[in-house]
Amino acid sequence: MDTNSFFINRPTAEIARDLLGRTLSFDNGQEILSGTIVEAEAYVGVKDRAAHSYNGRRSQANEGLYRAGGTLYIYSQRQYFFFDVATQKEDEPQGVLIRAIEPETGIETMIKNRHGKIGTLLTNGPGKMMQAFGITSRKWDLHRLEDSPFAIDLNNKKDIEKIIALPRVGVSQADPYWAKKNLRFIVSGNPYVSDIKKKDIKENHGFILTNN
DNA sequence: TCGCGGATAGACT
DNA sequence: GTCTATCCGCGAG
């Protein structure tokens with residue numbers, strides 16, 4: 001499957017949901033850092049009170065959302081960076097925020113980048129994930145996914161036991177309708193999901209184990 | 001295990 | 001000056 005058909009022509013919420021279980025990787029020039037996406041949020045355009053593009057807001061800061069699906073929208077907030085992929089056609093400013101991954105390769109480097117943090121603290125939040133990758137600038141903002149060191153494997157995905165939809169994290173509560181809307185998708189039971197309770201963690205991390 | 005507040009930096013009014 | 005699509009450490013229970 002190519003980037004265009006994946007990120008365009010179906011609802012952004014469906015795209016966010018479909019990203020769960022897929023591998024996100026970053027080539028830092030030395031090695032590949034990667035992990036399985038376990039949490040993603042959908043931001044659905046100018047009508048979405050919680051989106052950066054709400055009410056048509058557009059500037060150099062959020063230009064990426066207005067580009068065609070498959071374009072990276074990387075921005076900073078406080079001292080952290082965030083990884084979004086634009087969805088839908090050009091000038092339809094929707095996108096998905098990848099919030100958490102379960103690390104697969106390059107874990108030792110991620111620990112260094114995270115200043116010694118280990119385990120779930122490595123990547124269980126959007127700012128933490130980018131810090132684990134070693135991202136310190138908006139260099140790849142506005143680049144196409146396929147023309148960047150980032151990659152998402154659109155041809156394979158892990159079998160997930162159960163996906164849950166929840167309200168998004170940290171969004172404006174000014175409009176209860178959008179604040180409560182279930183546009184955050186998680187792999188139920190995975191320990192790398194942000195703010196998951198210990199009692200909700202499952203031994204299989206929410207994935208169906210395939211044999212051989 | 002929880003809730004709270006401080007740190008911290010860029011964008012916008 | 002105000003507001004974040006956050007993170008972390010601290011103190012109470």
Side-chain angles (χ1 to χ4, degrees), chain A residues 7 11-13 15-17 19-20 24 37-67 69 71-88 92-101 103 110-142 150 164-186 189 191-201:
Chain A
F7 290 103
T12 298
I15 296 168
R17 188 187 178 92
L19 283 169
L20 301 182
L24 169 65
I37 298 168
V38 297
E39 179 175 7
E41 290 179 347
Y43 288 86
V44 297
V46 297
K47 63 183 187 298
D48 183 352
R49 185 66 175 72
H52 289 167
S53 54
Y54 172 65
N55 203 21
R57 227 186 93 198
R58 181 173 189 168
S59 72
Q60 203 168 52
N62 69 350
E63 177 63 24
L65 280 177
Y66 286 82
R67 300 293 177 89
T71 304
L72 298 183
Y73 168 42
I74 294 174
Y75 63 97
S76 67
Q77 188 172 88
R78 296 167 175 91
Q79 67 269 52
Y80 297 97
F81 290 87
F82 298 75
F83 182 84
D84 284 47
V85 183
T87 61
Q88 310 311 327
E92 175 56 50
Q94 305 193 26
V96 293
L97 166 69
I98 309 298
R99 286 190 54 89
I101 60 172
M110 292 190 195
I111 293 172
K112 284 197 195 92
N113 290 339
R114 289 278 293 136
H115 308 113
K117 293 281 190 322
I118 59 168
T120 59
L121 294 178
L122 235 33
T123 53
N124 67 340
K128 300 179 197 180
M129 181 187 85
M130 289 294 260
Q131 192 178 67
F133 281 159
I135 306 301
T136 56
S137 79
R138 296 181 65 195
K139 178 174 179 182
W140 299 107
D141 181 45
L142 302 182
F150 292 96
I164 299 182
L166 299 165
R168 292 168 292 183
V169 175
V171 301
S172 168
Q173 301 296 311
D175 183 336
Y177 175 79
W178 288 103
K180 288 179 187 156
K181 215 159 165 53
N182 292 338
L183 289 172
R184 170 189 177 215
F185 300 92
I186 71 167
Y192 288 86
V193 170
S194 58
D195 296 328
I196 193 171
K197 294 191 182 79
K198 202 159 195 175
K199 68 174 174 58
D200 292 333
I201 295 173

Tell me yes or no: between the side chains of A:Y75 and A:H52, is some donor less than 3.5 Å from an acceptor? no
Other residues, nucleotides and ligands only: do more than 12 of their heavy atoms fall within 6.0 Å of NZ on A:K47? yes
Measure from the ring centre of A:Y43 to the centre of the six-membered ring in the base of C:dA5, then say whether that distance is under 5.5 Å and the planes meet at under 30°. yes
May I have the distance from A:I74 (atom CD1) to C:dA5 (atom P), rounded to whole angstrom? 18 Å
When Watson-Crick pairs (N1 to N3 and N6-O4 or O6-N4) and G-U wobble pairs (N1-O2 and O6-N3) count only below 3.5 Å on both distances, what is the dot-bracket string of DNA chain B, with | for other-strand pairs? |||||||.||||.
Do A:L97 and A:Y43 have side-chain heavy atoms sitting under 4.5 Å apart? yes
Against A:F7, only a single residue in A:T71, A:T12, A:V85 fulfils side chain to side chain contact (heavy atoms under 4.5 Å, CB included); can you say which? A:V85
Interatomic distance where CD1 belongs to A:I196 and P belongs to B:dC2 [whole Å]: 12 Å
note: A:D195, atom CG; B:dT1, atom P; distance rounded to Å ~ 14 Å
Is the shortest side-chain heavy-atom distance between A:Q94 and A:V44 below 4.5 Å? yes
What's the NE2-P distance between A:H52 and C:dC3, to the nearest Å? 16 Å
Distance check needed: B:dT1 C1' versus A:I201 CD1, whole Å only. 13 Å
Sub-4.5 Å side-chain heavy-atom contact between A:Y192 and A:E39: no
Do any N or O atoms of the protein come closer than 3.5 Å to N or O atoms of nucleotides 8-13 of chain B, and which pairs are they?
from	atom 1	to	atom 2	distance (Å)
B:dC12	OP1	A:S59	OG	2.4

Pairwise side-chain contact, A:R67 with A:Y73, heavy-atom cut-off 4.5 Å (strictly under): no
In whole Å, what is the span from the CZ atom of A:F185 to the P atom of C:dA5? 19 Å
Non-hydrogen side-chain atoms of A:F133 and A:M110 separated by less than 4.5 Å: yes
Between A:P126 and A:Y80, is any pair of side-chain heavy atoms under 4.5 Å apart? no
Test A:M130 against A:I74 for side chain to side chain contact (heavy atoms under 4.5 Å, CB included), laying out the working first. CA-CA 10 Å; A:M130 289 294 260; A:I74 294 174; 4.1 Å; yes
Interatomic spacing from CG in A:L24 to CD1 in A:I37 - rounded to 0.5 Å: 5.0 Å
Rounded off to whole Å, could you give me the OH-to-C1' distance for the A:Y75 and C:dC3 pair? 14 Å
Measure CG/A:D175 against C1'/C:dT4 and give the value in whole Å, please. 17 Å
In 5'-to-3' order, the base (B), backbone-only (S) or no-contact (-) status of each nucleotide in nucleotides 8-13 of chain C, using a 4.0 angstrom heavy-atom cut-off, is SS----
